[in-house]
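The structure appears right after this line, and notes come after that.
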Amino acid sequence: MSNRKQIVGFVIGLMAVASMAPATEAADYEYDPYNAEDIMELCAGCHGEYGQGGGDGEYPRLAGLPVKYLEDQLRAYIKGERQGLVMVTYANEREMPDADVRDISRYMAEIELPSKMPVIDQNLDSLEKLLIASKVFNVPRLEGDTVLGGQIYNKQCKKCHGKEGAGRGKFPQLAGQFSDYIRLQIEDFRSGKRINKQMDKYLVGLTDEDIDNLLAYLSVVDD
Ligand code: HEC
Ligand code: HEC
């Protein structure tokens, strides 16, 4: 019966796909935090000591982004699918084997940067207090209508980027990311410099004012 043949063909197809997977999913991979710390020294020069980014968003924040998203981006730079003149120096096949991609992604993803000053135990010495304060990270509030921005966000972005821009899995968090960096990425998606088929249709039709309002909303949503 031809139906049966189709099913067998389908299963064989699936097996072929599965056997290609181990290239990135090495079974013997084990997280090596010391290796991650070594790699971090390279990244910190631009992305900051705590992965908080810098240069008003010239260097994006990486701390706390979903691990899957970070891995995807590094692999995209390595394969040349995402252009980034600066990043390609660091993320290429010679410099970055896949175990390094996984180590540094997990390390960055696990860094927590509070958006508000936590209550500080007064028994701590001043150096410890300073360290806590230096990890507080908040994007400056941007001009724009945060209510309208929130409406656009909830209608067109939330189903992937999560409630209040928190991100998860392969969807980056947008809250707590530099506004200028997000603006540039939106421009790059719209001009086709950065490619993401899933998202394209949600960005068409947004006016400059919509984008200002969206960014204003994202700049305050985690305050
Ligand atoms: C010389 C500066 C510089 C260094 C060092 C650097 N980066 Fe970057 N990185 C950038 C810039 C600039 C971008 C932003 C945009 C682009 O070019 O794609 C970026 C973007 C990224 C992104 C994408 C973030 C996002 O939200 O999509 C990741 C992930 C990343 N870098 C990881 C790393 C890691 C890991 C290291 C260390 C191995 C590193 N970078 C070292 C400059 C740097
Ligand atoms: C259907 C799911 C989906 C929707 C809806 C969506 N996005 Fe995304 N977005 C993604 C994915 C997936 C990525 C990661 C792309 C990649 O891997 O390069 C992304 C990446 C981004 C980035 C890059 C962030 C970074 O750190 O570099 C920005 C900015 C962004 N989206 C903004 C938006 C905005 C604004 C909206 C609503 C107008 C939106 N997205 C709607 C799926 C979506």
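Counting starts at 1 for both ligands and their atoms, in listed order. Note that the coordinates shown come from a computational prediction; the quantities given were computed from them, not determined experimentally.
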Provide, to 0.1 Å, the distance between [atom] and the closest protein heavy atom, together with that atom's residue and name.
atom: atom 36 (C) of ligand 2; result: Cys157 SG, 2.8 Å
atom: atom 13 (C) of ligand 1; result: Pro60 CD, 3.5 Å
atom: atom 1 (C) of ligand 1; result: Cys46 SG, 2.6 Å
atom: atom 17 (O) of ligand 2; result: Gln73 NE2, 2.8 Å
atom: atom 16 (C) of ligand 1; result: Tyr77 OH, 3.4 Å
atom: atom 35 (C) of ligand 1; result: Cys43 SG, 3.5 Å
atom: atom 18 (O) of ligand 2; result: Arg194 NH2, 2.9 Å
atom: atom 3 (C) of ligand 2; result: Cys160 SG, 2.7 Å
atom: atom 12 (C) of ligand 2; result: Gln198 OE1, 3.2 Å
atom: atom 6 (C) of ligand 2; result: Met199 CG, 3.2 Å
atom: atom 41 (C) of ligand 2; result: Gln156 O, 3.5 Å
atom: atom 22 (C) of ligand 2; result: Phe189 CE1, 3.5 Å

**Request:** Under the side chain to side chain contact (heavy atoms under 4.5 Å, CB included) rule, what do Asn196 and Phe189 come out as? Steps first, then yes or no, please.
**Result:** CA-CA 7 Å; Asn196 183 256; Phe189 283 124; 3.6 Å; yes

**Asked** Going by heavy atoms, is Arg82 under 4.0 Å from ligand 1?
**Response**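 Within the 4.0 Å threshold, so yes.
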
**Message:** I'd like to know whether ligand 1 has Pro172 as a neighbour, heavy-atom separation below 4.0 Å.
**Reply:**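 Contact check Pro172 vs ligand 1: negative.
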
**Request:** Check the surroundings of atom CG in Asp56: do more than 12 heavy atoms from other residues, nucleotides or ligands lie under 6.0 Å from it?
**Result:**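 No - once you tally the heavy atoms of other residues, nucleotides and ligands closer than 6.0 Å, there are 12 at most.
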
**Request:** Determine whether more than 12 heavy atoms belonging to other residues, nucleotides or ligands lie under 6.0 Å from atom CG of Asp208.
**Result:**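 It does not: Asp208 CG has 12 such atoms or fewer within range.
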
**Message:** Using a 4.0 Å cut-off to any heavy atom of Phe171, which atoms of ligand 2 qualify?
**Reply:**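 Counting atoms of ligand 2 from 1, those under 4.0 Å from Phe171 are 10 (C), 11 (C), 12 (C), 42 (C).
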
For ligand 1, which atoms, with element, lie under 4.0 Å from some heavy atom of [X]?
X: Leu65; result: 26 (O)
X: Leu42; result: 5 (C)
X: Leu62; result: 22 (C), 24 (C), 28 (C), 29 (C), 30 (C), 32 (C), 33 (C)
X: Val86; result: 1 (C), 2 (C), 3 (C), 42 (C), 43 (C)
X: Met96; result: 38 (C)
X: Gln83; result: 18 (O)

**Message:** For ligand 1 and Arg61, I'd like to know whether there is a polar contact (N/O to N/O, distance under 3.5 Å).
**Reply:**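 N/O-N/O distance under 3.5 Å: no.
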
**Geometric N/O contact Glu58 with ligand 1, under 3.5 angstrom** =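 No, Glu58 has no N/O under 3.5 Å of an N/O on ligand 1.
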
**Euclidean distance, Leu206 CG relative to Arg190 CZ, rounded to 0.5 Å** =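 Here the rounded value is 5.5 Å.
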
**Request:** To the nearest 0.5 Å, tell me how far Ile78 CD1 sits from Glu71 CD.
**Result:**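 So the CD1 of Ile78 and the CD of Glu71 are separated by 10.5 Å.
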
Following the transitive rule for hydrophobic clusters with a side-chain heavy-atom cut-off under 4.5 Å over Ile, Leu, Val, Met, Phe, Trp and Tyr, establish whether [X] and [Y] coincide in one cluster.
X: Tyr202; Y: Ile152; value: no
X: Phe137; Y: Leu215; value: no
X: Leu62; Y: Ile182; value: no
X: Leu113; Y: Ile132; value: no
X: Ile211; Y: Leu203; value: yes

Nearest neighbour of [atom] from the list [options], on a heavy-atom basis:
atom: atom 29 (C) of ligand 1; options: Leu70, Val101, Ile39; answer: Leu70
atom: atom 33 (C) of ligand 2; options: Lys159, His161, Arg75; answer: His161
atom: atom 15 (C) of ligand 2; options: Leu218, Ile182, Asp72, Asn196; answer: Asn196
atom: atom 27 (O) of ligand 2; options: Tyr217, Tyr181, Tyr202; answer: Tyr181

Shortest non-hydrogen contact between [X] and [Y], atoms and distance:
X: Tyr217; Y: Gly150; value: CD1-CA, 3.4 Å
X: Glu30; Y: Asp103; value: O-OD1, 4.2 Å
X: Tyr107; Y: Met40; value: CE2-CG, 3.6 Å
X: Gly205; Y: Asp210; value: O-OD2, 4.0 Å
X: Leu218; Y: Asp222; value: O-OD1, 4.5 Å

**Message:** Under 3.5 Å, is there a donor on one side chain and an acceptor on the other for Gln122 and Lys129?
**Reply:**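 Yes.
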
**Prompt:** Does NZ or CZ of Arg102 lie under 6.0 Å from the centre of the six-membered ring of Tyr31, at an angle within 45° of the ring axis?
**Reply:**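 Verdict for Tyr31: no cation-pi partner in Arg102.
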
**Request:** Give a yes/no answer: is there an N/O/S atom of Tyr59 under 2.8 Å from atom 8 (Fe) of ligand 1?
**Result:**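 Looking at Tyr59, which is the residue asked about, there is no N, O or S atom under 2.8 Å from atom 8 (Fe) of ligand 1.
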
**Message:** Just checking: His47, one of its N/O/S atoms, less than 2.8 Å away from atom 8 (Fe) of ligand 1, yes or no?
**Reply:**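 It does; at least one qualifying atom falls short of 2.8 Å.
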
**Request:** Output, in order, the C-alpha distance, side-chain angles, deciding distance and verdict of salt bridge (charged side-chain N to carboxylate O under 4.0 Å, His left out) for Arg106 and Glu110.
**Result:** CA-CA 6 Å; Arg106 172 155 165 193; Glu110 285 179 354; 2.9 Å; yes

**Prompt:** Can Tyr153 be said to touch ligand 2, with heavy atoms closer than 4.0 Å?
**Reply:**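 No, Tyr153 has no heavy atoms under 4.0 Å from ligand 2.
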
**Message:** Is Leu174 close enough to touch ligand 2? Criterion: a residue heavy atom under 4.0 Å from a ligand atom.
**Reply:**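 True for this residue.
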
**Message:** Regarding ligand 2, does Tyr69 bring an N or O atom to under 3.5 Å of one of the ligand's N or O atoms?
**Reply:**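 There is such a contact, yes.
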
